[in-house]
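Just so it is clear, the structure is predicted and the values come from calculations on it, not from any experiment.
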Amino acid sequence: MDTQVVLEVKGLHWATEKAAIERTLGRFAGVRTVEANPVAQTATVSYDPDETSIADLQRGIEECGYHCDGQSVPAHLCNPMEEPSTDGRADAAGGEPEALPSPHDAMGHGGHGGRSMADMVADMRRRFLVAAIFSLPILLWSPIGRDVIGFEADAPFGLRDDVFQLLLSLPVVFYSAWIFFDGAFRALRARTLDMMVLVAVAVGAGWLYSLGVTLTGGGEVFYEAATVLSAFVLLGHWFEMRARGGANDAIRALLDLAPPMATVIRDSESVEVPTAEVQVGDLLLVRPGSKVAVDGVVEEGESELDESMVTGESLPVHKSPGGMVIGATLNTTGTLRVRATKVGAETALAQIVKLVQEAQNSKAPGQRLADRAAFWLVFVALIGGTGTFLFWSVVAGRPVSEAMLFAITVVVITCPDALGLATPTAIMVGTGLGARRGVLFKNAMALEAAAHIDTVVMDKTGTLTKGEPEVTDVIADGIDGDRLLALVAAVERESEHPLAQAIVTEAESRGGPTLRAEAFESVPGHGALATVDGQRVVVGNRRLMERDGIDLGELAARRTELAEGGRTAVIVAVDGRAAGLVGMADAARPTAAAAVAELRRLGAEVVMLTGDNEATARRIGSLLGVTTVIAEVLPGDKASKVAELQAQGRKVAMVGDGVNDAPALAQADIGVAIGAGTDVAIETADVVLMRSDPLDVPVALQIGRGTVRKMRQNLGWAIGYNAFALPIAAGVFEPAFGMVLRPEIAALSMSGSSLLVAVNAIMLKRLRLPSAAPEHLEPAEIGVPEPAPVD
């Protein structure tokens with residue numbers, strides 16, 4: 001059975017560098033797929049553990065010249081028995097593993113193995129500053145400085161201008177620009193082409209040509225082109241790295257949630273231990289203001305927990321003995337004693353991190369196309385640069401120096417870094433935006449598919465409604481309403497029926513007297529009867545009343561009204577006389593109507609799927625604003641109903657929460673599971689709504705549409721930029737319009753293009769989403785069919 005692992009890869013700079021890792025690991029036995037992500041600094045590998053191991057994969061990454069600490073999950077989120085292999089330690093600032101220096105670093109290797117993104121950004125800044133400082137005097141003593149700027153000073157120490165420029169260029173070429181040559185070597189060793197190859201060719205060709213001219217007695221050189229080009233590429237990439245670093249804010253925030261330490265009660269003493277050492281069964285002490293370390297169940301105490309950081313739920317959730325708590329949530333008021341039930345990688349937080357990581361590291365179909373295009377674009381750039389040089393030098397008869405400048409400009413301007421960044425940055429921002437709202441996309445394909453949904457099928461019970469009956473009406477005839485409810489509750493306490501439990505809950509919430517039932521008798525399918533406080537109480541349906549010879553009288557009309565309103569009517573008789581009715585209904589979720597309205601605003605048709613009869617289902621739909629209702633559907637037929645909608649050419653999202661929803665979730669273009677649903681539904685779905693809020697369904701669609709819109713904008717810009725800039729760089733317009741693009745300007749343009757793509761993707765964070773908690777909405781009361789047998 002294949003296993004999937006997310007490995008941390010440190011040292012990825014350019015978007016196109018990932019090809020080397022993917023090609024190298026892809027040649028390992030048992031490796032099915034490899035998806036490297038330069039934005040997240042990770043590689044997601046699907047492999048057969050019987051044929052290869054994580055150690056083999058790490059070694060492959062190291063062979064590419066990068067550093068791999070292990071799985072990209074911090075130690076305190078991992079089970080101690082399954083802690084990933086890492087030779088680092090937790091970084092105090094961010095909670096991510098901090099790698100020890102690799103042999104490459106110790107030897108002064110040009111790569112950035114073992115460095116975090118922050119270290120890489122700082123190193124890029126240093127390299128840029130060195131290149132900028134030395135490029136300035138090179139530029140002044142170049143033909144540009146002499147002829148354009150008018151700089152007239154002689155070179156120091158009596159040196160020729162070109163010799164002086166050569167000396168100044170050495171730190172730029174052998175320090176600042178060395179990452180280009182090192183990266184190109186890695187790519188060629190992996191038998192692939194990437195941006196590093198292009199920049200290395202451009203800088204190397206320009207510098208080596210100038211070196212040859214200098215060593216053979218002098219002439220026209222362009223050290224300034226090589227050094228300024230290096231400076232501009234480094235500057236652009238420094239800004240770009242800072243920008244795309246913000247794309248991973250969501251996953252970084254999730255990693256920071258888990259507390260590094262936990263207070264465990266052992267031998268009646270509270271002991272502080274690392275969270276990674278907490279075991280299932282440990283008793284935790286959670287004081288006010290501290291975080292719950294792991295998932296567990298409350299054994300003692302009551303408090304309000306802020307779960308917003310994990311589930312997105314904005315209001316504190318009350319916890320009492322027996323209540324489940326989630327690791328990383330904040331205890332606000334009372335002190336709790338919690339028994340650990342899930343630790344390490346099994347906690348809800350670790351599972352969320354895993355889901356978000358898998359989504360961010362997966363590839364959308366558009367990205368796979370862009371990756372192939374980027375590879376061939378590098379090939380085209382190299383061929384185009386060579387062709388440009390030959391044309392201007394051989395065909396047009398221009399000086400070799402001019403032909404070389406045209407060729408270098410073509411190579412630089414065609415760098416496909418923007419193309420490589422176009423979709424992964426948008427995907428990371430989109431999945432991160434969803435995670436902050438409690439909407440978890442399992443992969444990039446789900447994110448892309450969400451953008452095209454035009455029909456949303458929603459299961460009624462547990463999705464649009466809470467799935468729990470509640471008392472909506474207490475109708476008393478000749479007896480006080482609270483007294484009637486207390487009598488019924490006394491009988492129903494002996495029953496385990498959901499309707500019975502709802503009545504007991506309502507009676508207790510009203511604070512009425514707690515009465516005791518005697519001589520209890522259950523009548524299966526009809527109801528129950530007992531003696532309560534000296535009175536004979538019969539609770540059930542009309543058939544039970546008929547059996548006991550009880551006439552409903554005027555209550556018969558009221559019962560019909562409740563039934564027509566979609567409510568279940570429980571009849572109550574006291575001492576042989578009909579005494580009242582208790583109306584029951586399945587209450588809608590507070591945001592159900594708002595969710596339907598928002599979906600319709602987005603242009604999606606909402607279809608309600610239910611097993612209710614047609615009349616009741618349509619009444620329910622009208623209360624929520626659902627116009628298309630498919631009623632009387634057997635659990636096994638839900639998937640076929642979804643398939644029928646798809647056969648009409650619709651893109652369908654199925655929203656459900658139960659075991660019987662799983663086939664329909666799998667059938668739909670995307671399956672959306674309500675977070676409080678069953679494990680089977682969540683496992684089958686493509687999107688998980690952690691807050692169990694139907695209003696998050698339109699949120700998922702909006703995030704999908706916004707992400708795809710950014711992906712298209714970025715891809716359009718990246719392709720359009722190359723199509724427009726390439727002929728200018730090649731000098732096509734030079735004879736007619738005198739338009740000449742120097743390598744330095746080409747480098748600035750290329751870097752600016754990549755920066756623009758990264759910033760445009762991050763702008764997705766400004767996407768306006770529906771309100772998470774519309775307090776003005778009141779829960780609608782939705783009827784449930786009366787349990788069998790029916791009249």
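Between Val429 and Thr707 there is no side-chain heavy-atom pair separated by less than 4.5 Å. Residues Phe441 and Ile703 form a side-chain contact, since some pair of their non-hydrogen atoms from C-beta on lies under 4.5 Å apart. In this structure, the side chains of Asp48 and Phe28 stay at 4.5 Å or more apart for every pair of heavy atoms. Side chains of Arg266 and Asp282 form a contact here, defined as non-hydrogen atoms less than 4.5 Å apart. Counting only heavy atoms from C-beta outward, the side chains of Arg691 and Arg437 approach each other to under 4.5 Å. Using a 4.5 Å heavy-atom threshold, the side chains of Trp207 and Val172 count as separate. For the pair Tyr47 and Val34, the minimum side-chain heavy-atom distance is 4.5 Å or more. Between Trp178 and Val173 the shortest side-chain heavy-atom distance does not fall below 4.5 Å.
Looking at residues two or more places apart in sequence or on another chain, you find no salt bridge (charged side-chain N to carboxylate O under 4.0 Å, His left out) involving Arg712. With sequence neighbours excluded, the residues forming a side chain to side chain donor-acceptor pair (under 3.5 Å) with Asn331 are Ser303, listed by chain and number. Under the side-chain contact (heavy atoms from CB on, under 4.5 Å) criterion, Val297 pairs with Met324, Arg339, Thr341, not counting sequence neighbours.
Aromatic ring centroids of Phe379 and Trp376 lie under 6.0 Å apart.
Smallest separation of non-hydrogen atoms from Val197 and Ala187: CG2-CB, 4.0 Å. Smallest separation of non-hydrogen atoms from Ile427 and Ala444: CD1-CB, 3.7 Å. Between Val411 and Ala381, the closest heavy-atom pair is CG2-O, 3.8 Å. In plain terms, the two heavy atoms of Ala131 and Ser176 that are nearest each other are N-OG, 3.3 Å. Among all heavy-atom pairs drawn from Gly327 and Leu349, the shortest one is O-CB, 4.3 Å. The nearest pair of heavy atoms linking Ile670 to Ala446 is CG2-O, 4.0 Å.
Gln4 places no side-chain N or O within donor-acceptor distance of the main-chain N or O of Thr44, the cut-off being under 3.5 Å. Listed for the Lys442 side chain is a donor-acceptor partner under 3.5 Å among the backbone atoms of Ala685. In this structure, Thr275 contributes its side chain and Pro259 its backbone to a donor-acceptor pair below 3.5 Å. In terms of modelled atom types and a separation under 3.5 Å, the side chain of Arg127 and the main chain of Tyr175 share a donor-acceptor contact. A donor-acceptor pair under 3.5 Å is absent between the side-chain atoms of Asp267 and the main chain of Glu269, judged by distance alone.
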Original post:
Are Met763 and Lys710 close enough, and set up right, to give a side chain to side chain contact (heavy atoms under 4.5 Å, CB included), and what steps lead you there?
Top reply: CA-CA 9 Å; Met763 293 293 287; Lys710 290 296 182 185; 3.9 Å; yes
Original post:
When you look at Leu198 and Leu382, which way does the side chain to side chain contact (heavy atoms under 4.5 Å, CB included) test go after all the steps?
Top reply: CA-CA 7 Å; Leu198 292 185; Leu382 294 173; 3.6 Å; yes
**OP:** Give the intermediate values and the outcome of side chain to side chain contact (heavy atoms under 4.5 Å, CB included) for residues Val294 and Lys342.
**Re:** CA-CA 6 Å; Val294 297; Lys342 292 182 180 179; over 6 Å; no
Original post:
Do Leu689 and Val439 pass the side chain to side chain contact (heavy atoms under 4.5 Å, CB included) test, and can you show the C-alpha distance, the side-chain angles, and the key distance before you say yes or no?
Top reply: CA-CA 5 Å; Leu689 309 182; Val439 178; 4.0 Å; yes
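In this structure, the separation between CG on Leu229 and CG on Leu234 is 9.5 Å, given to the nearest 0.5 Å. Summarising the geometry, atom OG1 belonging to Thr3 is positioned 8.5 Å from atom CG belonging to Asp50; distances are rounded to the nearest 0.5 Å. Note that CG of Leu756 is 7.5 Å distant from CG of Asn714, once rounded to the nearest 0.5 Å. The line from CG of Leu433 to CD1 of Ile762 is 12.5 Å long, rounded to the nearest 0.5 Å. To the nearest 0.5 Å, atom CG of residue Asp56 and atom CD of residue Glu63 are 9.5 Å apart. In this structure, the separation between CD1 on Ile61 and CG on Leu7 is 4.5 Å, given to the nearest 0.5 Å.
Remark: Arg186 qualifies as a cation-pi partner of Tyr66 under the 6.0 Å distance and 45° angle criteria applied to the six-membered ring.
Within a 6.0 Å sphere centred on CZ of Phe185, other residues, nucleotides and ligands contribute 12 heavy atoms or fewer. Heavy atoms of other residues, nucleotides or ligands lying less than 6.0 angstrom from CZ of Arg189 number more than 12.
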